[in-house]
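These notes are about the structure you will find just below.
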Protein chains: 2
Amino acid sequence: MTQIKHNQLPGKTVERLSQYRRILYNSIREGKTNIYSHELAKMMNLTPVQVRRDLMLIGYSGSQSKGYVIKDLVDLIGRIIDSKEGQKIIIVGMGNLGRAITSYFVGKREKLFIVAAFDNDLQKTDRIVAGVPCYHVNRLKEVIEKESIRIAVLTLAPEATHEVARKLLDAGIRGILNYTSVPLTVPPGIYLEEYDIVTSLEKLAYLVKQ
Amino acid sequence: MTQIKHNQLPGKTVERLSQYRRILYNSIREGKTNIYSHELAKMMNLTPVQVRRDLMLIGYSGSQSKGYVIKDLVDLIGRIIDSKEGQKIIIVGMGNLGRAITSYFVGKREKLFIVAAFDNDLQKTDRIVAGVPCYHVNRLKEVIEKESIRIAVLTLAPEATHEVARKLLDAGIRGILNYTSVPLTVPPGIYLEEYDIVTSLEKLAYLVKQ
DNA sequence: GGCATATTGTGAAATTTGTATCAACATAAA
DNA sequence: TTTATGTTGATACAAATTTCACAATATGCC
Ligand SMILES: NC(=O)c1ccc[n+]([C@@H]2O[C@H](COP(=O)([O-])OP(=O)(O)OC[C@H]3O[C@@H](n4cnc5c(N)ncnc54)[C@H](O)[C@@H]3O)[C@@H](O)[C@H]2O)c1
Ligand SMILES: NC(=O)c1ccc[n+]([C@@H]2O[C@H](COP(=O)([O-])OP(=O)(O)OC[C@H]3O[C@@H](n4cnc5c(N)ncnc54)[C@H](O)[C@@H]3O)[C@@H](O)[C@H]2O)c1
């Protein structure tokens, strides 16, 4: 009778749920129907306890004999992470990284759609790039509002980052994934994820050095 | 008299040190010589206390009147993160992502060098790609050993991930940055960082949905 | 000088995140 | 039926990380 309460899941748990699902998709493809916490844990470099704890938080129960039913678990994770209608995403900056991400991502998830890209280079605008229509940045607000887009990925030249971020928020974007080397600050209620490969490499270099 | 002990810095602190330095480079470029904890904090979406705590951990002291001396701080972070001789890095998989990362990274840091890339596509091997020599993967061990390389970035097609990872470890790689969608497991003493854009986007989608 | 203000450095508390342990239960074999 | 084995779910515990609170101190202004 445990109530499913996924209102305030820990951030780390949300990330792991996404990764559980990625692995479970593969398991389904291999014909598996059930999985034990220790199997999932091994594939993710975690302890079985942590897996069970995450699943407990989302209110999913397995059986002692068969473990977890993969299909049900995938569905539940979907109900927690995905929104029913799906979420639309835009890419801003269709250079090397923007194109790599777009072509990698397209069709990857049922409920996440990259619906448009933007650039200020006329060579790239008003055509299909990496499978997605690419508009001129001065049409950001127009497209975002018309399509009710709430998530944006920033892969543009660093100089314009702040200005573009401001315009995105103004147009109604609620979540930003920032890959530029310029850190952003966003008001409360807006979600921001940042990632820089240099940080990852410097961390590795520090660890390896020890 | 506080002893500088940067033997076992928290992982999160190491990441932030890298980011502090990135910001401080910009501040230097803008002509700033000193900075207060609250200024640095604002630029990184942190609290001033956290900044001071991190700097305390690396044994750096500022002054109440002028804050921190940017140049000194950058130098100290360098002494902690960088190794004196520098670290060599290889890229395995010179597709869209591999090339984007390589051309972005080359020349970015004084003490980190992407010295080689590898692929199994004969169209890409035995030539310079994105400014770096690209070899056939069957020469991994040879090059890694000859050049004493300890860090590898994985941007190859997912199928070959496990096999390549095994070969990397066999050849002496100590740190892996894995961008493929296949999670890895590594033995103790080997450092692993993984990143997947899908996880970041799904986390954002979850947050935005709330 | 004396006072108001601003900043750093840090012990201690709070929070977040991960781990160990174990009762309860299901299964299969003796 | 009884026992051995293995798994889940949950509570208690531990570790990592962040935040609070405030002493100490430098500066500028009256
Ligand atoms: N986070 C990471 O790990 C990582 C890795 C590589 C690159 N990067 C960053 O990602 C960004 C893009 O890198 P890249 O290698 O693709 O560079 P790139 O030069 O290939 O692409 C930049 C693109 O942005 C476009 N652009 C410039 N100004 C714009 C504006 N005002 N509005 C819209 N588009 C604009 C350019 O026309 C170009 O197409 C850079 O900021 C770079 O620092 C991050
Ligand atoms: N982490 C992320 O955010 C992210 C984003 C995009 C792509 N990816 C992943 O990165 C990888 C590369 O993506 P991409 O878009 O560049 O794909 P891509 O197809 O453009 O590049 C893959 C490259 O790997 C090479 N390759 C294949 N087998 C190899 C082997 N055994 N040894 C060496 N090289 C080999 C191919 O020749 C090709 O050049 C994929 O695994 C993809 O899933 C991750």
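First the proteins, then the strands, lettered A, B, ... as listed; each starts at 1. Side chains included, hydrogens not; waters and symmetry mates left out as well; all remaining heavy atoms used.
Nearest-nucleotide positions on DNA chain D for B/Thr13 and A/Val49 put A/Val49 closer to the 5' end. A residue-by-residue look at B/Leu55 and A/Leu46 shows that B/Leu55 has its nearest nucleotide of DNA chain C further toward the 5' end. Nearest-nucleotide assignment on DNA chain C puts the 5′-proximal partner with B/Tyr68, out of A/Gln50 and B/Tyr68.
Contacts of A/Pro10 with the nucleic acid, taken as non-hydrogen atoms under 4.0 Å apart, involve only primed sugar atoms and P, OP1 or OP2.
Atom CG of A/Asp54 is separated from atom P of D/dA10 by 14 Å (rounded to the nearest Å). In this structure, B/Lys12 atom NZ and C/dT15 atom P are separated by 17 Å, rounded to whole Å. Distance, B/Leu73 CG to C/dG9 P: 11 Å, rounded to whole Å. Atoms CG (B/Asn45) and P (D/dT19) sit 12 Å apart, rounded to a whole Å. With rounding to whole Å, A/Lys66 atom NZ is found 15 Å from C/dC25 atom C1'. The OH atom of B/Tyr60 sits 12 Å away from the C1' atom of C/dT8 (whole-angstrom rounding).
The side chain of B/Gln64 has D/dT25 as its nearest neighbour among C/dC22, D/dT27, D/dT25. The side chain of B/Arg52 sits closest to C/dG9 out of C/dT21, C/dG9, C/dG18.
A/Arg53 contributes a side-chain N or O that forms a donor-acceptor pair with the base of C/dT19 under 3.5 Å.
For the contact set between residues 31-42 of chain A and DNA chain D, defined by any heavy atom under 4.0 Å, the members are A/Tyr36, A/Ser37, A/His38.
For B/Tyr68 and B/Tyr36, the ring centers are positioned 6.0 Å apart or more.
For the OP1/OP2 pair of D/dG9 and a distance below 4.0 Å, the side-chain nitrogens and oxygens of A/Ser61 include at least one atom meeting the criterion. Contact annotation: A/Ser65 does not reach the phosphate of D/dT7 (side-chain N/O to OP1 or OP2, under 4.0 Å).
Evaluation of the ring pair (Phe, Tyr, Trp, His ring centres under 6.0 Å) test over residues 152-193 of chain A, restricted to residues two or more places apart or in two chains, returns none.
B/Val198 is not listed as a side-chain neighbour of A/Arg22, based on a closest heavy-atom distance of 4.5 Å or more. No side-chain heavy atom of A/Val132 sits less than 4.5 Å from a side-chain heavy atom of A/Ser103. For the pair B/Ile90 and B/Ile151, the minimum side-chain heavy-atom distance is 4.5 Å or more. B/Leu177 places none of its side-chain heavy atoms less than 4.5 Å from the side chain of B/Leu192.
Rounding to the nearest 0.5 angstrom, the gap separating the NE2 atom in B/His38 from the CG atom in B/Leu46 is 14.0 Å.
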